[in-house]
Amino acid sequence: MKLNDIDSLTADTIVPFISAIFDRRGAEAYLGEPVSMAEHMLQGAMLAERGGQDETVIVAALLHDIGHFTSRSGTFSMDDTEDKLHEVAGAELLQPFFPPVVVACVRHHVAAKRYLCATRADYFARLSEPSRHSLMLQGGPMTAAEVAAFERIPDHRTVIKVRYLDDAGKRAGVATPSFAHYAPMAQRLVDAHCPAG
């Protein structure tokens, strides 16, 4: 199934579609980081699972950057001069099939970076150079008004959890389970959100 086929996805085909993306494009470089796209997302999911997080957080960490593959603007590079809104593309893909908390984590994980830069004095210093570059394209640290608006987002605390998992999933040479390990979790969430009949 290709990007053009997104409109024909169903609750039965969304997880296999995402699995095929991981298989086909997961080895691509991740935004100037020392890991591939798949390694990055799988590391986040693994850290969530090892940390005892529930399946919504594990799956949100797994899928938070799926929009890099589904955005019609293409993937980010260090030469970019404008944001490609991968978080919007990812949320649009997942919204018909996944619970709102998962979609919120995908849609707002970039906003969470901007929020943490504005509210945690040490957070910016911990960001990688590629993440700092994308931050500037994404609007920089939030204003006080944006911080207040972010804190009104349902599940914003869960979004922040996924943001920290995103930041942590950038270590070279870390062995992770494959997407197949997480596919049943993802399908359970889809099935609960889109019950048959």
Side-chain angles (χ1 to χ4, degrees), residues 1-48 56-99 101-113 128 130-131 133-135 137-138 159 162-163 165-172 174 176-187 189-190 193:
M1 191 171 277
K2 297 186 171 65
L3 189 55
N4 294 338
D5 299 325
I6 285 177
D7 292 339
S8 64
L9 289 170
T10 69
D12 293 328
T13 61
I14 182 65
V15 174
F17 174 77
I18 295 169
S19 177
I21 290 174
F22 270 73
D23 289 344
R24 190 173 65 251
R25 299 191 57 194
E28 291 178 14
Y30 173 61
L31 319 183
E33 303 284 2
V35 291
S36 70
M37 290 294 297
E39 287 170 334
H40 168 61
M41 293 190 283
L42 290 165
Q43 281 186 31
M46 180 184 72
L47 291 167
T56 57
V57 173
I58 296 168
V59 171
L62 176 70
L63 301 181
H64 75 277
D65 269 344
I66 197 68
H68 281 300
F69 297 124
T70 62
S71 171
R72 299 190 189 278
S73 300
T75 57
F76 170 86
S77 84
M78 290 295 284
D79 297 326
D80 285 348
T81 57
E82 59 184 53
D83 187 27
K84 294 188 174 175
L85 302 175
H86 74 283
E87 70 279 17
V88 175
E92 287 175 353
L93 172 69
L94 302 182
Q95 187 164 1
F97 308 108
F98 286 86
V101 62
V102 172
V103 177
C105 289
V106 174
R107 185 180 305 281
H108 299 296
H109 76 278
V110 167
K113 176 171 66 171
S128 66
S131 197
H133 174 66
S134 63
L135 172 69
L137 301 181
Q138 293 156 346
V159 175
V162 171
R163 179 70 231 180
L165 292 163
D166 178 354
D167 294 329
K170 300 177 180 179
R171 294 179 51 209
V174 174
T176 65
S178 68
F179 182 87
H181 173 77
Y182 299 105
M185 293 185 197
Q187 193 63 56
L189 294 182
V190 170
H193 185 66

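We're numbering straight along the sequence, starting at 1.
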Heavy-atom closest contact ([X] atom, [Y] atom, distance):
X      : Y      : result
Ala60  : Cys105 : CB-CB, 3.6 Å
Val106 : Glu87  : O-CB, 3.3 Å
Leu47  : Ala168 : CD1-CB, 3.6 Å
Gln187 : Pro16  : OE1-CD, 4.5 Å
Arg25  : His68  : NH2-O, 4.5 Å
Ala61  : Ala45  : CB-N, 3.9 Å

For a side chain to side chain contact (heavy atoms under 4.5 Å, CB included) with Arg163, tell me which candidate from Asp167, Val159, Leu165 qualifies. Asp167

Could you tell me the separation between the [atom1] atom of [X] and the [atom2] atom of [Y], rounded to the nearest 0.5 Å?
X      : Y      : atom1 : atom2 : result
Met41  : Phe69  : CE    : CZ    : 4.5 Å
His181 : Leu62  : NE2   : CG    : 10.0 Å
His109 : Leu63  : NE2   : CG    : 11.0 Å
His108 : Lys113 : NE2   : NZ    : 16.0 Å

By salt bridge (Lys or Arg N to Asp or Glu O under 4.0 Å) - contacts of Asp65 (at least two apart): none

Suppose we screen for salt bridge (Lys or Arg N to Asp or Glu O under 4.0 Å). Which residues come up paired with Glu33, at least two apart in sequence or across chains? Lys170

Taking only residues two or more places apart in sequence or in another chain, which ones pass side-chain hydrogen bond (donor to acceptor under 3.5 Å, both in side chains) with Ser178? none

So, using side-chain hydrogen bond (donor to acceptor under 3.5 Å, both in side chains) as the criterion, who are the partners of Glu39 when residues are at least two apart? Ser36

In chain order, what residues pass the side-chain contact (heavy atoms from CB on, under 4.5 Å) check against [X], with sequence neighbours excluded?
X      : value
Val174 : Gln43, Met46, Arg171, Thr176
Ser19  : Asp23, Phe179
Ile14  : Leu9, Phe17, Ile18, Leu93, Phe97, Phe98, Val190
Pro96  : none

Contacts of type ring pair (Phe, Tyr, Trp, His ring centres under 6.0 Å), residue His40, not counting sequence neighbours: Tyr30, His64

Is the closest side-chain donor-acceptor distance between Ser128 and Ser131 under 3.5 Å? no

